[in-house]
4 protein chains.
Amino acid sequence: MNADAVIDRATAQRDRILCAARRCFIDHGFHAASMASIAEVADMSAGLIYRYFDSKNAIILAIIERQLADKRADIAELQPGTDFAQGVRDLVARWRSGDVRTMNPTLLLEMSALASRDPQIAAALCEADRVTRSDFATWLVQRAASSGVKIDADAAQTRAFALQCLIEGLAVRIVREPGMSDHMLADMLAMNLPVVIG
Amino acid sequence: MNADAVIDRATAQRDRILCAARRCFIDHGFHAASMASIAEVADMSAGLIYRYFDSKNAIILAIIERQLADKRADIAELQPGTDFAQGVRDLVARWRSGDVRTMNPTLLLEMSALASRDPQIAAALCEADRVTRSDFATWLVQRAASSGVKIDADAAQTRAFALQCLIEGLAVRIVREPGMSDHMLADMLAMNLPVVIG
Amino acid sequence: MNADAVIDRATAQRDRILCAARRCFIDHGFHAASMASIAEVADMSAGLIYRYFDSKNAIILAIIERQLADKRADIAELQPGTDFAQGVRDLVARWRSGDVRTMNPTLLLEMSALASRDPQIAAALCEADRVTRSDFATWLVQRAASSGVKIDADAAQTRAFALQCLIEGLAVRIVREPGMSDHMLADMLAMNLPVVIG
Amino acid sequence: MNADAVIDRATAQRDRILCAARRCFIDHGFHAASMASIAEVADMSAGLIYRYFDSKNAIILAIIERQLADKRADIAELQPGTDFAQGVRDLVARWRSGDVRTMNPTLLLEMSALASRDPQIAAALCEADRVTRSDFATWLVQRAASSGVKIDADAAQTRAFALQCLIEGLAVRIVREPGMSDHMLADMLAMNLPVVIG
DNA sequence: AATGAATGAGCCTTCATTCAT
DNA sequence: TATGAATGAAGGCTCATTCAT
């Protein structure tokens, strides 16, 4: 049993816990999800969780951090030629299918609501949103430049902001009307995206 | 003390409770808000609340229903000549000022998250969203007609849908970045609203 | 149900809890005594205790405060002609009989041990000991004065200090050797008390 | 690795554990001290402790036994010409300095309180106190004899008893009033010791 | 109509102890 | 011999809900 194995073990356990917690938080909400339920889903005793996380709150924070890291990674992988309308439609499809690797829209809402009460979470989300907006604005500028077009930095920020609103608005919509017709969704995107990302 | 007075009394009490609950739910979230805290804000005993509501859940439902009714009323009052960009900016300003008569954005998120767990709430929200979208689509068609323009019913629905996304996306933004600059907000609206509401 | 009755009720409940807690603390120690066991002895639900005390620690503090008040009252009632040796023998007898109105020696030890860890308790005990020592020193001076003897204030303090040591030492002894012979006890007091209280 | 080495190893380990436990028990009390904290201070894993002690309780018992053995050894080393007042003042100084080789006063109180609950501990303490009292009484008789004075055996027992009370009373005092002035302490001893040990 | 005392279930967390390695 | 992951049983505390008054 070498050091790597130990690290892997611990990492795997933390991951098991975070996945289980994510599932529970989505299913019952942060407050209603009990440590016992998380332990059950993670298939371990409740006490063991505390070997890997200081508290229930620490788990929430860890989940938030992981989501943010994933989001940044997604933006970093954006290609200049990406078909954005298709990308957003794919995102919605992943939301609907409950894909584990994608930010869950219900979790997004709950995390956001939490931010209005917990300063630590508020700071984390606010900073992360600023960063991802800048990341995306930079991408917009570069993509335009590669087409010989010059975009003002402020304008790029505003467009990135608009995209955040659009995507998060969609997330709310999907949660409130999961059966929303694909047709209307596509039409809406076709109408809005051009002014947002050109 | 005639029957009307009794009804008024009961209605007033229910209202006191709902206002207090709204305040507590915004401040602490549905789950973290205790019946005791609601009773304290409503300036009555905890036990008395149960004379007017069956359970804490019933209060949540009542609040949701009231919010939906308010929203429909707002749409019904829309004038054909309304300046929409200004209207949305005013809405955001009311959000920020914590106006009591306006749907609170944090509450919006929490309610929406709740919908993904409680079928009753899900049905209520879904139906209400459909209705308000239709209300607004109708308004769009009529406004266009009064300008001699004919809008397709489907197109109107799509535009109403886009507006829902935009406003709810803004709500998420305001909760996550309360300090968001008015400037960027105005720019974003100036960019998006024309394609949405013409 | 007037205000007095409410106050009486609350006071009676607090008393029930304190008595039960005292019993449990003596029987199992502060840490080992569970809120559940206290509730059972007090014949009420565990949750109800929290209507009258903020926490388990608050109960400990309340017990300490009550003991101190009792001790001061005892000193205040001292008569100039009191037979001290007899008084101390009576005290030991009450210790042995488990009299509820007398400071329990085991509790004395546990409270004292607690003081070396909890600053709040430490401060309370330290201050109380100073006060009761002064009370007793004053009594010594006055008793001597009434016999036409003048005692130096410092000397009186030292004698009061000695009496504290003697009585607390006896408490330790009684706890460790409950079967200690009355004879040796009386002899020891006859030997020591004269130099302490004259 | 011969048998002696194995024994030494085991003894050393037991000692490490007992020292660590003593430290933890003094700092947090028997109950509040966790096996994990003892293991950490002893610089070993929690599980390993169970190779040397059956349970946490067994550790407590071992510590008590060791303290008793130490005390007897101290008495055995008493010289006829010892300056007792000085000796007691030194003892108090060691208490205050937290000397590791001296019975800690807080531990003394906690051990004593434990005796009123655990018959095994009660018996051990009671017997040990009787033995040390006899040891000391014998020393008193011999010292007197070496000065040509004859002391009655019962009287010697009573004096030894008085000394136990005095010292344990001092221990309580030191725990409850750590800042106690050296001056008053010396005065008190000067007043009491002569009648106790002559 | 109104109070608030009372309950009981459940929550987060800790910890002595065991055991596979 | 030694580790530390794992468990399960409490423990302190909160809270929605009920009910006698």
Side-chain angles (χ1 to χ4, degrees), chain A residues 1-2 5-6 9-10 12-13 28 31-39 42-59, chain B residues 1 6 9-10 12-13 31-40 42-59, chain C residues 1-2 5-6 9-10 12-13 28 31-39 42-59, chain D residues 1 6 9-10 12-13 31-40 42-59:
Chain A
M1 182 169 50
N2 59 24
V6 170
R9 170 73 174 171
Q13 290 287 65
H28 310 108
H31 266 92
S34 70
M35 292 299 280
S37 71
I38 295 173
D43 196 28
M44 59 176 67
S45 72
L48 187 52
I49 295 180
Y50 288 85
R51 178 173 290 276
Y52 300 100
F53 292 93
D54 281 343
S55 65
K56 189 180 175 183
N57 237 309
I59 297 179
Chain B
M1 182 167 53
V6 170
R9 170 70 172 170
Q13 290 286 63
H31 231 88
S34 69
M35 292 297 279
S37 71
I38 295 173
E40 191 184 340
D43 196 29
M44 61 175 68
S45 73
L48 188 53
I49 294 181
Y50 286 84
R51 180 170 290 274
Y52 299 100
F53 293 94
D54 280 346
S55 67
K56 189 178 173 182
N57 237 308
I59 297 180
Chain C
M1 182 168 49
N2 58 25
V6 169
R9 170 74 174 171
Q13 290 286 67
H28 310 108
H31 267 93
S34 69
M35 291 300 280
S37 72
I38 295 173
D43 195 30
M44 60 176 68
S45 72
L48 187 53
I49 295 180
Y50 289 86
R51 177 173 291 275
Y52 300 100
F53 293 94
D54 280 344
S55 66
K56 190 180 173 182
N57 237 308
I59 296 179
Chain D
M1 182 166 51
V6 170
R9 169 72 172 169
Q13 291 284 65
H31 232 90
S34 68
M35 291 298 279
S37 70
I38 295 173
E40 191 184 339
D43 197 29
M44 61 176 65
S45 72
L48 188 53
I49 294 181
Y50 285 84
R51 180 170 290 275
Y52 299 101
F53 293 94
D54 280 344
S55 66
K56 189 179 172 181
N57 238 308
I59 296 180

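Any value given below was found using the heavy atoms of this structure, including those in side chains, with hydrogens, waters and symmetry copies removed. Sequence lines set the chain letters: A, B, ... in the order given, protein chains first and strands last, and positions in each chain run from 1.
- In this structure, Ala33(B) reaches the sugar-phosphate backbone alone: every heavy-atom distance under 4.0 Å involves primed, P, OP1 or OP2 atoms, never a base.
- Of the candidates dG12(F), dT17(F), dT7(E), the closest approach to any side-chain atom of Met44(C) belongs to dT7(E).
- Residue Ser45(A) is classed as a base contact, given a heavy-atom separation below 4.0 Å to a base.
- Heavy-atom nearest nucleotides on DNA chain F were determined for Arg51(D) and for Asp54(B), and the one closer to the 5' end corresponds to Arg51(D).
- Pair check for dC19(F) finds dG4(E); Watson-Crick or G-U wobble, both atom distances under 3.5 Å.
- Each of dA5(F), dT13(E), dT17(E) was ranked by its minimum atom distance to the side chain of Met35(D); first place goes to dT17(E).
- Nearest heavy-atom pair across Ala39(B) and Ser45(B) is CB-C, 3.8 Å.
- Among the atoms of the strands shown, only primed sugar atoms or phosphate atoms (P, OP1, OP2) are found under 4.0 Å from some heavy atom of Tyr52(D).
- Atom CD1 of Ile49(C) sits about 5.5 Å away from atom CD1 of Ile38(C), to the nearest 0.5 Å.
- Annotation for Ala33(A) and Lys56(A): closest pair O-NZ, 2.7 Å, computed over non-hydrogen atoms.
- Across all strands shown, the partner of dT14(F) is dA9(E), judged by Watson-Crick or G-U wobble contacts whose two distances both fall under 3.5 Å.
- Taking the side chain as every heavy atom from C-beta outward, Met44(B) and Gln13(B) approach each other to under 4.5 Å.
- Listed nucleotides: dC15(F), dA5(F), dT7(E). Nearest to the side chain of Ser34(B): dC15(F).
- Where Ile49(C) and Ala46(B) meet DNA chain E, the nucleotide closest to each residue was compared, and Ala46(B) sits on the side nearer the 5' end.
- Contact between the side-chain N/O atoms of Tyr50(D) and the OP1/OP2 oxygens of dT17(E) is found at a separation under 4.0 Å.
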